[in-house]
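Take a look at the structure set out below.
Counting starts at 1 for both ligands and their atoms, in listed order.
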Amino acid sequence: AATEFGHQIRRVTLEKQSEIRIQVHPFSPLKLRVLDGLVEIFGSELPPEVWLTFPPRQQFAVFTWYGATIELDGVTETEETSTETPMVSYLNVHNSLQVQRHRVVSSTSNYVSSQWPRVIIVGDTDSGKSTLAKMLLNWAAKDGFKPTFVDLNIGQSSITIPGTIAATSIKMHVDSVHGFPLDNAIVHYFGHTTPTNNLRLYKALVEKLARELEEVFARSAESRHSGMVIDTMGWTNGPGYELLIHAIRKFNASLVIVLGQETDLVNDLNNSLKFKKNVRILNLDKSTGVFFRGSDYRKTLRNNNIKKYFHGATNDLTAYTKTAKFSDVKVYRIGDFPESRSRSAQRTYNDDALKITSVEIGEHLLNKVLAISYAKEPNQIISSIVAGFVCIKDVDIGKERITYISPSAAEFPSNILVMGTLTWLET
Ligand code: ADP
């Protein structure tokens, strides 16, 4: 049948254990529905018959274990079917985690943290880390568990906007279009998309989040037994490697999955962790379906991610535009970063990585994405989670007013806003 756009609805038949890999057109969405059989997108099963709309640029695979027929309506940028997938090896990991989870649930000895599955996924950028994390979480949720997703990937954050270190509990499968649930997520604002801007702050936030999750696990046996899946940055050498080891230790990981052909990384990890008991290292193939995303494209994705925060996944929300007097808000930055100092002064400031400094409100805040902190006092900023984000749209020096957008009409929990280097220019 021809659609309103004049193109045909296409039917695609997928044989068992195969997938169709799709990149949606950069400017127009794609509609898709399941006609027959069971299919999943990164572990999340699609409902039968219902047309789902995927936003421009989205990259995903529709996979079937037993064979299925789907229909596509719209133009795709790329489209390819493949029977060569690492899905069986990924499902095997899930099955072994399930054995572990059931063993903990039925065990009478209480509270041995090393027994809960705590998976950390490491590897190069574009090795499919976030994707595998999604699958493991979705499959666990489908089997009735409530795993915690920990997102340390500040460059391409999955829970909320870039520059955040966050965790959320997965109760239902992750929505293939709208992504991870934001309600009851624990979110810390790092404020930069690269950790080099402040390595100490990155570590401090990771440690803080790890402690907060221990508190959650102490209260909830269900979360505790379900364990966690941790997604990391694609930076695996030098300081990036140090950060990985730091995260493995702080979250007490029981399984490190290395994605892709990374013999050196696997050897290094084996060496670094040889005295740490109860941690296993597993090297798995990356999928040939993973899309390569160049640095420009990553930037576009980051912008889209921020846009999604303010305007919804399918551009279906209108952000609130509000104004505030300069005196109504206080803006702070943590430590010092390239933008806030001259190059020559760079080295001398290292000791102040965690220092909280008040920032004067001015035009330099234009297009900045600021976090709304729960901190009541500036010295609580690093240890506090954030309530959400605003983007500064106008700074009127004469009237001493700022205009900003926010996805929520709610009052701020405090007047403290946190600034980093993250900016967003609406296009
Ligand atoms: P990483 O987290 O390692 O940077 P991602 O998991 O984000 O990598 O994958 C990179 C991109 O490739 C994402 O857009 C993801 O949706 C896409 N992708 C991953 N696996 C597949 C697949 N099998 N088929 C199609 N697209 C995929």
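- Residue-environment remark: OH (Tyr66) stays at or below the threshold of 12 foreign heavy atoms within 6.0 Å.
- In the model, Ser130 has a side-chain atom that pairs as donor or acceptor with a side-chain atom of Asp231 under 3.5 Å.
- Looking only at protein heavy atoms, the nearest one to atom 25 (C) of ligand 1 is Gly289 O, 3.3 Å.
- Looking at ligand 1, you won't find any N or O of Phe42 less than 3.5 Å from one of its N or O atoms.
- Close N/O approach between Arg293 and ligand 1 is found [any backbone or side-chain N/O within under 3.5 Å].
- Heavy atoms from other residues, nucleotides or ligands lying under 6.0 Å from CG of Asn184 number more than 12.
- Pairs passing the salt bridge (Lys or Arg N to Asp or Glu O under 4.0 Å) check and including a residue from residues 120-149, sequence neighbours excluded, read Glu45-Lys142, Asp126-Arg293, Asp126-Arg298, Lys146-Glu222.
- Residues Ile22 and Phe54 fail the side-chain proximity criterion, which asks for heavy atoms closer than 4.5 Å.
- In the candidate list Arg21, Lys129, Arg298, Glu80, Lys129 is nearest to atom 3 (O) of ligand 1, counting heavy atoms.
- If you check the side chains of Gln100 and Arg103, you find no donor sitting under 3.5 Å from an acceptor.
- Using bins of under 30°, 30° to 60° and over 60° for the plane-to-plane angle, the ring pair Phe217/Trp116 lands in the perpendicular bin.
- Applying the 4.0 Å criterion to heavy atoms of Ser130 picks out, from ligand 1, the atoms 2 (O), 6 (O), 7 (O).
- For the side-chain hydrogen bond (donor to acceptor under 3.5 Å, both in side chains) test with Asn252, the passing option among Arg118, Glu214, Lys276 is Lys276; the others fail.
- Side-chain atoms of Ser408 and Ser406 include no donor-acceptor pair closer than 3.5 Å.
- If you look at Asp124 next to ligand 1, the close heavy atoms, those under 4.0 Å, all belong to the backbone.
- In terms of polar-atom proximity, Gly128 is counted as a contact of ligand 1, with an N or O under 3.5 Å from an N or O of the ligand.
- Under 4.0 Å from ligand 1, the heavy atoms of Ser287 that appear belong solely to its side chain.
- Residue-ligand proximity, Ala61 to ligand 1, at heavy-atom distances under 4.0 Å covers atoms 22 (C), 23 (N), 24 (N), 25 (C).
- Counting heavy atoms from C-beta outward, Trp235 and Thr125 have side chains that stay 4.5 Å or more apart.
- What sits closest to atom 5 (P) of ligand 1 on the protein, heavy atoms only, is Thr131 OG1, 3.6 Å.
- One option in Gln59, Glu19, Met87, Arg57 has a heavy atom closer to atom 16 (O) of ligand 1 than any other, and that option is Gln59.
- In Gln58, neither the side chain nor the backbone holds a heavy atom less than 4.0 Å from any atom of ligand 1.
- Taking atom 20 (N) of ligand 1 as the reference point, the nearest protein heavy-atom neighbour is Val290 CG2, 3.7 Å.
- Heavy atoms of Ser127 approach ligand 1 to within less than 4.0 angstrom.
- The nearest heavy-atom contact from the protein to atom 12 (O) of ligand 1 is Phe291 N, 3.0 Å.
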